[in-house]
Asker: 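The structure's right below; bear with me while I get my questions together.
Just follow the structure's listing: the first ligand is 1, and inside any ligand the first atom is 1. Remember, predicted model here, so these are calculated numbers, not experimental data. All residue numbers in this chain count up from 1 along the given sequence. All values below come from the heavy atoms of this structure, side chains included, with hydrogens, waters and symmetry mates left out.
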Amino acid sequence: MLAALSRVKISRLPSSEIFVRYIFEQEVERGKLRLLALSSATWRRKVGGTRHFVDHRRVKLVAGSGGKGVCSFLSEPRKEWGGPDGGNGGDGGSIIIKADRFVKSLAQLVPVYKGEDGESGGSKNCYGRNGSPTFIRVPLGTVVKEQGKIIVDMTEHGQEYLAAFGGSGGKGNRFFLSNENRSPMTATPGMTGQEQVLQLELRTMAHAGLVGFPNAGKSSLLRAITNARPAVAAYPFTTLNPHVGIVKYRDHEQVAVADIPGIIRGAHLNRGLGISFLRHIERCRFLLFVLDLSAPEPWTQLQHLRYELDQYELGLSQRPQAIIANKMDLPEAQEKLETLKSHISQRVIPVSALTGQNTEELILYLRELYDGYLQEGDSGEGNPTRW
Ligand SMILES: Nc1nc2c(ncn2[C@@H]2O[C@H](COP(=O)(O)OP(=O)(O)OP(=O)(O)O)[C@@H](O)[C@H]2O)c(=O)[nH]1
Ligand SMILES: [Mg+2]
């Protein structure tokens, strides 16, 4: 049955279904796992090396070592004792992490980076060439951590962080020439490059984050209010990586909205897809809670979502927010909405992501939140991200 399923996936090549396989991978026993791994390779070959979205990576950086200095003496016809002429070695290449807005995931990163070594010096006072720096291009919003502590946040295009220094080159014997010592024999080796083990984490940068149970219609809503096209399907956990869409207003103001995977009760205990992907809404200034009106008790969803958010980071659920009741087109929705309103003191925005009903109210409310956030920014609480 599973083999048949894999074959179907390979032949149809739907972009979202490769992720379904991850869920299967966690659940099936060993024999079947191998089969899935095989199908995954075939899938990649067929679609031409497509890579998955990766939002965290551990990398080891070893900067280039300095080239060694050389001990040599000039000796030419009629100038047999020309003195020391050993040149210095070149410096090793450093490793630099650079933010690049054209890079969208950490998938292209490799586990180990080795910087270019400096060249050794030469006779006739020739200095060795310095090793060229190695650049690691990462998406905007990448956080660089060392032993769990954040050391830099790459938020601007072109921002660079020198992560591992190259070793300095050794000195040739010419360097040691002095009045006391006219023929130094000393030459030093280059220093080894710095070694670092860093964790890179990608945190999506958006103003608003859609939070909701699986199948609540988060991706559908993102499609309805922005031009983003995340996959939508009637099974839970369709979305496995964040998508960002931009809501454009007439005055050219733009608000970025991030869609993330669904959260279920007990996600902090690693149920469902866990809550580690909440890192993608950690930076969001406001949250859009999407409740599913087709669920028996949509108001309990809100409690569970808030609880799970607070498990990730205390106070996360208290960010400025909008509560959206989705699937208003369903027949029983109106009745449910009234009950929902009686359970929640905050304003509830009823919408239908499927038909686009009442999405204007949501878009306008989003703008109110955004304007409030901009004013807050003006009063000195950090610069707002301009998209
Ligand atoms: N009737 C109705 N169905 C909807 C509406 N919005 C979404 N759906 C359906 O609900 C199902 C799930 O929608 P998605 O947008 O994939 O839900 P999601 O919250 O992104 O789900 P995950 O990515 O799995 O967390 C799909 O079959 C949608 O067609 C709506 O407003 N009305
Ligand atoms: Mg989705």
Asker: Closer than 4.0 Å to some heavy atom of Ala234 - which atoms of ligand 1 meet that?
Answerer: 27 (O)

Asker: Closer than 2.8 Å to the Mg ion (ligand 2), do we get an N, O or S atom from Ser219, backbone or side chain?
Answerer: yes

Asker: Strictly by modelled atom types, are His268 and Glu308 linked by a side-chain donor-acceptor pair under 3.5 Å?
Answerer: yes

Asker: Is it true that some N/O/S atom of Thr238, main chain or side chain, lies under 2.8 Å from the Mg ion (ligand 2)?
Answerer: no

Asker: Is it true that atom CZ of Arg58 has more than 12 heavy atoms of other residues, nucleotides or ligands lying nearer than 6.0 Å?
Answerer: no

Asker: Measure from atom 7 (C) of ligand 1 to every heavy atom in Ser220, Pro261, Ala224, Gly272 and give the option owning the shortest one.
Answerer: Ser220

Asker: Starting from atom 21 (O) of ligand 1, locate the nearest protein heavy atom and write down its residue, its atom name and how far away it is, to 0.1 Å.
Answerer: Asn215 N, 3.0 Å

Asker: Do the ring planes of His207 and Phe286 sit parallel (below 30°), tilted (30 to 60°) or perpendicular (above 60°)?
Answerer: parallel

Asker: Do any nitrogen or oxygen atoms of Gly217 lie less than 3.5 angstrom from nitrogen or oxygen atoms of ligand 1?
Answerer: yes

Asker: To which protein heavy atom is atom 31 (O) of ligand 1 closest, and what is the distance rounded to 0.1 Å?
Answerer: Ala353 N, 2.9 Å

Asker: If we only count N/O pairs under 3.5 Å, is Phe237 in contact with ligand 1?
Answerer: yes

Asker: For the 3.5 Å polar cut-off, considering only N or O atoms, please tell me whether Leu354 and ligand 1 meet it.
Answerer: yes

Asker: So if I count the atoms of ligand 1 from 1 in the order they appear, which ones are less than 4.0 Å from some heavy atom of Gly262?
Answerer: 25 (O)

Asker: When you look for heavy atoms under 4.0 Å from ligand 1, do you find them on the side chain of Ala233, its backbone, both, or neither?
Answerer: backbone

Asker: A side-chain contact here means heavy atoms from C-beta on lying under 4.5 Å apart; do Asn358 and Met328 qualify?
Answerer: no

Asker: May I ask you to identify the nearest protein heavy atom to atom 6 (N) of ligand 1, giving residue, atom name and distance to one decimal place in Å?
Answerer: Asn326 ND2, 3.3 Å

Asker: Of the protein's non-hydrogen atoms, which lies at the shortest distance from atom 23 (O) of ligand 1, and what is that distance?
Answerer: Thr239 OG1, 2.7 Å

Asker: Going by distance alone, is a donor N or O of one side chain under 3.5 Å from an acceptor N or O of the other, for Asp85 and Ser72?
Answerer: yes

Asker: Below the 3.5 angstrom mark, is there an N/O of Asp259, backbone or side chain, next to an N/O of ligand 1?
Answerer: no

Asker: Tell me which protein heavy atom sits closest to atom 5 (C) of ligand 1, plus the residue, atom name and distance to 0.1 Å.
Answerer: Lys327 CG, 3.7 Å

Asker: Which of the atoms of ligand 1 are close to Tyr235, meaning less than 4.0 Å from one of its heavy atoms?
Answerer: 24 (O)

Asker: Give the residue, atom name and distance (to 0.1 Å) of the protein heavy atom nearest atom 1 (N) of ligand 1.
Answerer: Asp329 OD2, 2.9 Å

Asker: How close does the nearest protein non-hydrogen atom get to atom 25 (O) of ligand 1, and which residue and atom is it?
Answerer: Lys218 NZ, 2.9 Å

Asker: Under a 4.0 Å N-O cut-off, is there an ion pair linking Arg306 with Asp310?
Answerer: no

Asker: Before accepting this row, confirm whether a basic side-chain N of the pair Arg319/Glu313 lies closer than 4.0 Å to the acidic partner's carboxylate O.
Answerer: yes

Asker: Is there a polar contact, in the sense of an N or O pair closer than 3.5 Å, between Ala216 and ligand 1?
Answerer: yes

Asker: Which ligand 1 atoms, with their elements, are less than 4.0 angstrom from a heavy-atom of Pro236?
Answerer: 24 (O)

Asker: Considering heavy atoms of the protein only, find what lies nearest to atom 20 (O) of ligand 1 and give residue, atom and distance to 0.1 Å.
Answerer: Ser219 OG, 2.7 Å

